[in-house]
Protein chains: 2
Amino acid sequence: MTLKPNIEPSTDTSLCPMPEIAKLIGGKWKLIVLQILIFHGMHRFNELRRKIDGVTQAMLTKQLRALEQDGLISRKIYPEVPPRVEYSATQKAIDLREMFEAMHRWWLNQQG
Amino acid sequence: MTLKPNIEPSTDTSLCPMPEIAKLIGGKWKLIVLQILIFHGMHRFNELRRKIDGVTQAMLTKQLRALEQDGLISRKIYPEVPPRVEYSATQKAIDLREMFEAMHRWWLNQQG
DNA sequence: CAGAATCCTGTGCGATACTG
DNA sequence: CAGTATCGCACAGGATTCTG
């Protein structure tokens with residue numbers, strides 16, 4: 001199998017600014033947060049926290065705020081006692097599904 | 001179109017450790033370096049440098065070493081004067097093509 | 001041309017404690 | 001339960017200079 005140098009769609013670097021994408025999904029916890037919300041649906045704060053091994057509240061909060069800022073997740077607050085906050089993937093994030101699936105296939109392939 | 005919560009293949013988080021992947025392709029210049037080498041074939045050091053806006057020699061060198069360490073690129077040295085070093089994507093990196101294409105489609109979709 | 005060697009800095013990340 | 005508020009450090013990132 002040979003590498004054909006001039007294959008679209010990523011041939012034109014200027015059209016696909018990887019640094020921008022890296023900013024969106026960079027950060028130690030963003031990929032895992034997105035993966036969970038995209039493939040497993042809505043989660044409450046502590047549900048996320050429990051599923052993500054090693055993350056602290058402070059860090060999780062920061063990354064969630066950043067993702068919200070970038071329009072990748074939505075945050076729904078219920079004015080109750082005790083408080084309830086639900087996080088979901090936005091359509092923009094859900095559209096990343098293909099990318100995650102490609103990542104996943106690649107990863108499995110590397111192991112074998 | 002609705003989000004179906006229980007769709008493979010990324011359902012089992014433990015099988016797809018995003019933090020590991022983030023380590024491989026994280027870093028400010030790695031994605032762009034990989035994209036260039038994967039889709040545009042072999043490059044010499046200064047060719048890469050010219051194509052990547054804003055990167056310094058030191059940073060490019062570091063990221064290239066890290067990528068080499070992770071088996072994503074190969075480095076071929078020609079014992080000549082002046083020295084020549086060629087960087088190429090390994091098969092492992094070339095297999096990331098699908099992921100890059102998914103990223104690219106997603107990015108274009110966001111703009112429109 | 002393709003780097004190595006230094007030195008410096010911002011901030012990503014984290015531990016801890018406190019709150020409505 | 002779901003956060004804020006502080007503090008601190010390591011390290012990624014960068015500017016600059018030197019070299020075979």
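A, B, ... follow the sequence lines: proteins, then strands. Residue 1 opens every chain.
- Considering only side-chain N and O atoms, Tyr87(B) lies under 4.0 angstrom from the phosphate OP1 or OP2 of dG3(C).
- Rounded to a whole Å, the CD atom of Glu47(B) is 8 Å from the P atom of dA2(C).
- Within 4.0 Å (heavy atoms only), Glu86(A) reaches no atom of the nucleic acid at all.
- In this entry the distance linking CG of Leu48(B) with P of dC1(C) reads 14 Å, nearest Å.
- With dC1(C), dA2(D), dT4(D) as the choices, the nucleotide that has an atom nearest any side-chain atom of Pro82(B) turns out to be dC1(C).
- Here Arg44(B) reaches the OP1 or OP2 of dA2(C): one of its side-chain N or O atoms lies under 4.0 Å away.
- Atom CE in Met59(A) sits roughly 5 Å away from atom P in dC13(C) (whole-Å rounding).
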Practice task
Check step by step if side-chain contact (heavy atoms from CB on, under 4.5 Å) holds for Met103(B) and Ile25(A).
Solution key: CA-CA 11 Å; Met103(B) 269 190 187; Ile25(A) 64 177; 3.9 Å; yes
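- A donor-acceptor pair under 3.5 Å is formed between the side chain of His43(B) and the backbone N or O of Gly41(B).
- The nucleotide whose nearest atom lies closest to any side-chain atom of Thr61(B) is, among dA15(C), dG3(D), dA4(C), dA4(C).
- No more than 12 heavy atoms of other residues, nucleotides or ligands sit less than 6.0 Å from atom CD of Gln69(B).
- The residue among Asn46(A) and Lys62(A) whose nearest nucleotide of DNA chain D lies closer to the 5′ end is Asn46(A).
- Atom CG of Leu31(B) and atom P of dG13(D) are 12 Å apart (whole Å).
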Practice task
Evaluate the side-chain contact (heavy atoms from CB on, under 4.5 Å) criterion for residues Arg75(A) and Arg65(A): first the C-alpha distance (whole Å), next the side-chain angles of each, then the deciding distance (0.1 Å), finally the verdict.
Solution key: CA-CA 9 Å; Arg75(A) 183 161 165 266; Arg65(A) 290 292 179 282; 2.9 Å; yes
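- Atom-to-atom, NE2 of His43(B) to P of dC1(C) comes out at 15 Å; the value is rounded to the nearest Å.
- Near DNA chain C, defined here as any heavy-atom distance below 4.0 Å, the residues from residues 64-78 of chain B are Arg65(B), Arg75(B), listed numerically.
- Between the OG1 atom of Thr61(B) and the CD atom of Glu68(B) there is a distance of 11.5 Å, given to the nearest 0.5 Å.
- Between Gln57(B) and the phosphate of dA4(C), there is no side-chain N or O to OP1/OP2 separation shorter than 4.0 Å.
- Between its two ends, the helix from dC1(C)-dG20(D) to dG20(C)-dC1(D) turns its axis by 50°, counting five pairs per end and rounding to 10 degrees.
- Regarding Leu60(A), its CG atom lies at a distance of 10 Å from the P atom of dA2(D), rounded to whole Å.
- Between Lys76(B) and Met42(B) there is no side-chain heavy-atom pair separated by less than 4.5 Å.
- Rounded to an integer number of Å, the gap from CZ of Arg50(B) to C1' of dA2(C) is 12 Å.
- Looking at Val55(A) and Val33(A), their side chains never come closer than 4.5 Å, going by heavy atoms from C-beta outward.
- Under a 3.5 Å cut-off, the side chain of Trp29(B) and the backbone N or O of Pro19(A) do not form any donor-acceptor pair.
- Formation of a donor-acceptor pair under 3.5 Å by the Lys92(A) side chain with backbone atoms of Asp70(A) is found in this model.
- To the nearest angstrom, P of dC13(C) lies 9 Å from CH2 of Trp29(A).
- Judged by closest nucleotide on DNA chain C, Lys28(A) is the one of Lys28(A) and Pro83(A) placed further toward the 5' end.
- Counting heavy atoms from C-beta outward, Gln91(B) and Asp95(B) have side chains that approach closer than 4.5 Å.
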